[in-house]
Protein chains: 2
Amino acid sequence: MEKLMIKDTLTIIAERKSVRRFTGEQVSKENIYKILRAAMAAPAAIHMIPWKFIVLTDKIKLQTLADGLPFAKMLPGAGTGIIVCAVPKDAAMGSEEFAILDCACASENILLAAEALGLGAVWTAIYPNKESEEFVRKVLNIPSHVIPLNLIPVGYPAGDEKPKDKFDDGNIHWENW
Amino acid sequence: MEKLMIKDTLTIIAERKSVRRFTGEQVSKENIYKILRAAMAAPAAIHMIPWKFIVLTDKIKLQTLADGLPFAKMLPGAGTGIIVCAVPKDAAMGSEEFAILDCACASENILLAAEALGLGAVWTAIYPNKESEEFVRKVLNIPSHVIPLNLIPVGYPAGDEKPKDKFDDGNIHWENW
């Protein structure tokens, strides 16, 4: 029976939404691993791997981060948070830009994997706000050469949030700008 | 029968690969639209839309770009190219960083949509190489305030390229760095 419930990837991409309201049910470690496996399947420039992931479930840490970050108030309600960290020295040509790009792709995979698993997630920005980066580094003992890119709360969606249709034919140019 | 062939999103994410060898068969406009619809379903910071897409099928343009870019030699063989353009003035807080991040997510959606459709694609970098950015701006009349992020050849895969397993448990930290 489960096979009939599989949605194709274009549908999952279209249905992915920013989820900020959660039931409170905790996401299993098995699902966290599935999500991180998806993250690490992202493209990485010239096969250099510039990402690390910090998984947070500790209630006090979740609250501390929610209190100190402007866009992560929903974190304790989600129950789990993933911080995607970019490591420029491990990226193609030691480049911050490639580290950020590869980690953005890994982050998008996290959001899509969550949607595919029936979970909800949302990209809350840390980078490029230097103050937020420094705050997160301090709370989680992240070395100064590492950039915490975002904090992605992951949980079970309360169910009332809908995807936005952002398709606009006017954003497509053919053969020339 | 087609339903049985639908792969779930975690499988598509795992099977996505950089495809650089193509059969030469041209991708349909319908599939290009499906891919661009997926691109525009990416998250965009505070719902500002900082992306534009240039679709290229003109053989002379494809060859010109292949000749002038270091990583896009396979472009004429693919038959179609998509250039993802970041527009900082349209992004959250007019920020180049947010424009690049949103466009990276859109690009990852393009790669995944191609895989889901049985097509092949690969991110070839333009940004952050200033020379490549300027070259592409000149060839395609792109305004100076717009950043051509990458050029993604899209075509039918020759079939001999395999995904890389980049999963590494050592890249996961629990509760702290």
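Chain letters run A, B, ... following the sequence lines, proteins first and then strands; every chain starts at 1. Heavy-atom basis, side chains included; hydrogens, waters and symmetry copies ignored.
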Requested in this report: Indicate the atoms forming the closest heavy-atom contact of B/A38 with A/I13, along with that distance.
Outcome: O-CG2, 3.6 Å
Query raised in the report: Between B/H47, B/H173, B/K34, which shows the greatest number of heavy-atom pairs under 4.5 Å with chain A?
Result: B/H173
Requested in this report: Under 4.5 Å heavy-atom distance to chain B, tell me which part of A/L111 shows up: side chain, backbone, both or neither.
Outcome: side chain
Query raised in the report: Between A/A104, A/S95, A/A106, A/C105, which has the largest tally of heavy atom pairs under 4.5 Å with chain B?
Result: A/C105
Report summary line: Tightest non-hydrogen contact, residues A/Y33 and B/I172, listed as CE2-CD1, 3.7 Å
**Report entry** Atom group of A/W51 that falls short of 4.5 Å from chain B, counting heavy atoms
**Finding:** both
Query - Single-linkage hydrophobic cluster B/V27~B/I82, side-chain heavy atoms < 4.5 angstrom - result: yes
Query raised in the report: Taking atom CD of A/E161 as the centre, does the number of heavy atoms from other residues, nucleotides or ligands within less than 6.0 Å exceed 12?
Result: yes
Query raised in the report: Minimum heavy-atom separation for A/A41 to B/A14, with atom names?
Result: CB-CA, 4.3 Å
Query raised in the report: Are B/L112 and B/V84 linked, directly or through other ILVMFWY residues, by side chains that come within less than 4.5 angstrom of each other?
Result: no
Report task. Sort out for me which of B/C85, B/A42, B/P148, B/G170 touches chain A most, counting heavy-atom pairs under 4.5 Å. Result -> B/A42
Query raised in the report: If you count heavy-atom pairs under 4.5 Å between each of B/D168, B/I100, B/V87 and chain A, which one has the most?
Result: B/D168
Query raised in the report: Is it the side chain or the backbone of B/V122 that comes within 4.5 Å of chain A heavy atoms, both, or neither?
Result: neither
Query - Contacting region of B/I32 [heavy-atom separation from chain A under 4.5 Å] - result: side chain
Report task. Side chain from CB out, backbone as N, CA, C, O: work out which of these in A/A92 comes under 4.5 Å of a heavy atom of chain B, or both, or neither. Result -> neither
Query - Which atom of B/E97 lies closest to which atom of A/Y127, heavy atoms considered - result: CG-OH, 3.2 Å
Requested in this report: For B/K164, look at atom NZ and say whether over 12 heavy atoms of other residues, nucleotides or ligands are found less than 6.0 Å away.
Outcome: no
**Report entry** Cluster overlap A/L62 with A/I142, hydrophobic side-chain contacts below 4.5 Å
**Finding:** yes
**Report entry** Contact origin within A/K17 toward chain B - heavy atom pairs under 4.5 Å
**Finding:** neither
Report task. Examine whether an atom of A/D165 lies under 4.5 Å from a heavy atom of chain B, and if so say whether it belongs to the side chain, the backbone or both; otherwise answer neither. Result -> side chain
Query raised in the report: What part of A/A113 is in contact with chain B, defined as an atom under 4.5 angstrom from a non-hydrogen atom: side chain, backbone, both or neither?
Result: both
Query raised in the report: Is it the backbone or the side chain of B/A125 that comes under 4.5 Å from a heavy atom of chain A, or both, or neither?
Result: side chain
Query raised in the report: Honestly curious: do B/M74 and B/V19 fall in one hydrophobic cluster under the side-chain, below-4.5 Å linking rule?
Result: yes
**Report entry** Part of A/F98 lying under 4.5 Å from any heavy atom of chain B
**Finding:** side chain
Requested in this report: Give, as side chain, backbone, both or neither, the part of B/D169 having an atom under 4.5 angstrom from any heavy atom of chain A.
Outcome: side chain
Report task. Count the heavy-atom pairs under 4.5 Å between each of A/R16, A/E15, A/K61 and chain B, then report the option with the highest count. Result -> A/R16
Query - Side chain, backbone, both or neither of B/I35 within contact of chain A (heavy atoms, under 4.5 Å) - result: neither
Report task. Step through the shown structure and confirm whether more than 12 heavy atoms of other residues, nucleotides or ligands are within 6.0 Å of CD1 on A/I46. Result -> yes
Query raised in the report: With side chains defined as the heavy atoms from C-beta onward, is the minimum distance between B/L36 and A/N171 less than 4.5 Å?
Result: no
**Report entry** Minimum-distance pair of heavy atoms, taken over all atoms of A/K52 and B/W177
**Finding:** CG-CH2, 3.5 Å
Query raised in the report: Can you name the one residue among A/I54, A/T57, A/V55 that meets side chain to side chain contact (heavy atoms under 4.5 Å, CB included) with B/E175?
Result: A/T57
Query raised in the report: Which heavy atom in A/K166 sits nearest to a heavy atom in B/A44, and how many Å separate them?
Result: CE-CB, 4.3 Å
Report task. Group every Ile, Leu, Val, Met, Phe, Trp and Tyr by side-chain heavy-atom contacts under 4.5 Å, then state whether A/I152 and A/I147 land in the same group. Result -> yes
Query raised in the report: Pick from B/P163, B/G81, B/P128, B/A116: which one has the most heavy-atom pairs with chain A under 4.5 Å?
Result: B/P128
**Report entry** Leading residue by heavy atom contact count with chain A [cutoff under 4.5 Å; candidates B/D8, B/V146, B/L101]
**Finding:** B/L101
Report task. Could you check if a side-chain atom of B/L10 sits within less than 4.5 angstrom of a side-chain atom of A/L117, using non-hydrogen atoms only? Result -> yes
Query - Atom CD of A/E131: over 12 foreign heavy atoms under 6.0 Å - result: no
Query raised in the report: Roughly how far, to the nearest 0.5 Å, is the OG1 atom of A/T9 from the CG atom of B/N109?
Result: 10.5 Å
Query raised in the report: With a 4.5 angstrom heavy-atom cut-off, which part of B/I83 approaches chain A: side chain, backbone, both or neither?
Result: neither
Query raised in the report: Can you tell which of A/R37, A/E115, A/R137 has the highest number of heavy-atom pairs within less than 4.5 Å of chain B?
Result: A/R37
Query raised in the report: Are B/K29 and A/W174 in a cation-pi contact, defined as NZ or CZ under 6.0 Å from the six-membered ring centre and within 45° of the axis?
Result: yes
Query - Proximity breakdown for B/I49 and chain A, heavy-atom pairs closer than 4.5 Å - result: side chain
